[in-house]
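Below: one structure, written as structure tokens.
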Protein chains: 2
Amino acid sequence: MKCVSEKSEDKIREAAKRVFLKKGFDGTTSRDIAKEADMNIALTNYYFRSKEKLFLEIFKDVLEEYFQNMLAILNKDIDIKAKISELIDHDFEMMKREPDLIIFIMNEIHKSPQRLFPDMSIFRQVRETYLKKQLEEGVANGTLRPMQLENILPLIKCGVEFIFMGREIHKELFQMSDAEFANYAQEQKEHIKAMVCNYLVIG
Amino acid sequence: MKCVSEKSEDKIREAAKRVFLKKGFDGTTSRDIAKEADMNIALTNYYFRSKEKLFLEIFKDVLEEYFQNMLAILNKDIDIKAKISELIDHDFEMMKREPDLIIFIMNEIHKSPQRLFPDMSIFRQVRETYLKKQLEEGVANGTLRPMQLENILPLIKCGVEFIFMGREIHKELFQMSDAEFANYAQEQKEHIKAMVCNYLVIG
DNA sequence: GTATATTTTAAATGCTTGTTTAAATTTATC
DNA sequence: GATAAATTTAAACAAGCATTTAAAATATAC
């Protein structure tokens, strides 16, 4: 019994994630989700009480998916250049795996931030990583340009995430096919790595 | 008569732009727009035939607003470093003036690209600016790193636009007030200028 | 100032929305 | 294998949606 019920619950959860990521909260109907999960419409409310509750649950998961692995890299005891490279590679792989993830997160938070920041202990964890210590030491001994975490982190993330968020604009603007975009993104990723490292690390 | 009718039409257009930018197409109802314009609900369809048509008209304007001034700067006959600086300053001012603009454009295009690319002659214009020539010359004579327009342009835009798109995340993540964010954005803007110029211009 | 065209209105249209109901079906318990 | 619980179903709910209607109000033209 429990086994079967979890199956249905998970089917809905996974379907909902797919639809929400593609269409956003406002663009998604309960019937969309039921159809994607191939289940009766009443089941979404049977298992999750409301569209809102289902969404909040999924959004929490998605935000953790976004931050969790990144956190591990931020805390690695490796050279800062290697760390930047790994962070960018990780971001890139995530964007390839879930191309709708970043625009979804950005847009939903933009539309109703207060609703989507409940505890967010993950934010504190991001603020207090080993990278922060590395930065402070590097700045102190003059090997790194004077920057703080809030300066360098967005520079690491924005390059890759921006071109994936604006994937369709970039394809249209620069007349690229899907295959061409894939190559372009790869190429751009290496530029970003070099650019950020060159800027942060002095000499 | 015409004077009065244009007044109402424009009132609706301006109200619709405000609401669409804030809530997106899916999150906006015809009643939202009528209320924001302080007009009867039937007037939105009287003047624009449908919510869809009104949206498409506004989206076209918004996209032109985004590209138009940028285009003028791209074609300026000035040093490439000065041009990058000016492009970033212009972007920054635009984001300050219309903080919802960039996430709106990105999200709407992401959700339905085919619907929003009708003629888009503006894209061709962006592709064929003086900056392109400058780049090719600089690369040829070895003063610039070998890059093409599609490589450098996103690097110029992503830094500023990313932090404005993710304004609320950044505020939450780095525990900033509105005022602190304003200072931070300004500071970040200068980092981006320096970083991109340093990377592109050799020596 | 009357006749005509334009603009605005309140009300209603039919459809879709999220959610609920209550009965039917499946599963678990003894 | 009968009883109870959990799951699934079809149908309905009221509320909200974009859009239309037809009458009222206003402006324009002569």
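Each chain gets a letter, A, B and so on, in the order the sequences are listed, and its residues count up from 1. All figures in this text were calculated on a predicted structure; none of them were measured in a lab.
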Can a salt bridge be assigned to the pair D26(B) and K111(B) using a cut-off of 4.0 Å between side-chain N and carboxylate O?
-> yes
Nearest-Å distance for atom pair CD1/P, residues I33(A) and dG18(C) = 8 Å
All N/O pairs under 3.5 Å across the protein-nucleotides 16-20 of chain D interface:
unit_1, atom_1, unit_2, atom_2, d
dA18(D), OP1, T28(B), O, 3.4
dA18(D), OP1, S30(B), N, 3.1
dA18(D), OP1, K51(B), NZ, 3.4
dA18(D), OP2, S30(B), N, 2.8
dA18(D), N7, R31(B), NH1, 3.1
dA18(D), N6, R31(B), NH2, 3.3
dT19(D), OP2, K51(B), N, 2.7
dT19(D), O5', N45(B), ND2, 3.4

With no hydrogens and no angle check, is any side-chain donor or acceptor of T28(A) less than 3.5 Å from a backbone partner on G24(A)?
-> yes
Whole-Å distance between dT17(C) C1' and F25(A) CZ?
-> 12 Å
Rounded to the nearest angstrom, tell me the gap between atom OH in Y47(A) and atom P in dA6(D).
-> 11 Å
Closest non-hydrogen atoms of I103(A) and I103(B), given as atom of the first, atom of the second and distance, are CD1-CD1, 4.2 Å
Report the distance from atom NZ of K23(A) to atom P of dG18(C), rounded to the nearest whole Å.
-> 11 Å
Check: K171(A) side chain, F181(A) main-chain N or O, donor-acceptor pair, under 3.5 Å | no
Side-chain donor or acceptor of K11(B) paired with backbone N/O of M39(B) under 3.5 Å = no
NZ of K7(B) versus P of dA27(D): gap in Å, rounded?
-> 11 Å
What is the distance from atom NZ of K76(B) to atom OG1 of T129(B), rounded to the nearest 0.5 Å?
-> 13.5 Å
Between Y184(A) and F174(A), what is the ring plane arrangement, given parallel below 30°, perpendicular above 60°, and tilted in between?
-> tilted
If an axis is fit to five pairs at each end of the helix from dG1(C)-dC30(D) to dT17(C)-dA14(D), what is the angle between the two, to the nearest 10°?
-> 20°
May I have the distance from E9(B) (atom CD) to dT7(C) (atom P), rounded to whole angstrom?
-> 9 Å
Can you see which heavy atom on P154(A) is nearest to which on H170(B), and at what distance?
-> CG-NE2, 3.8 Å
Protein-nucleotide distance (L43(A), atom CG; dA6(D), atom P), rounded to Å | 16 Å
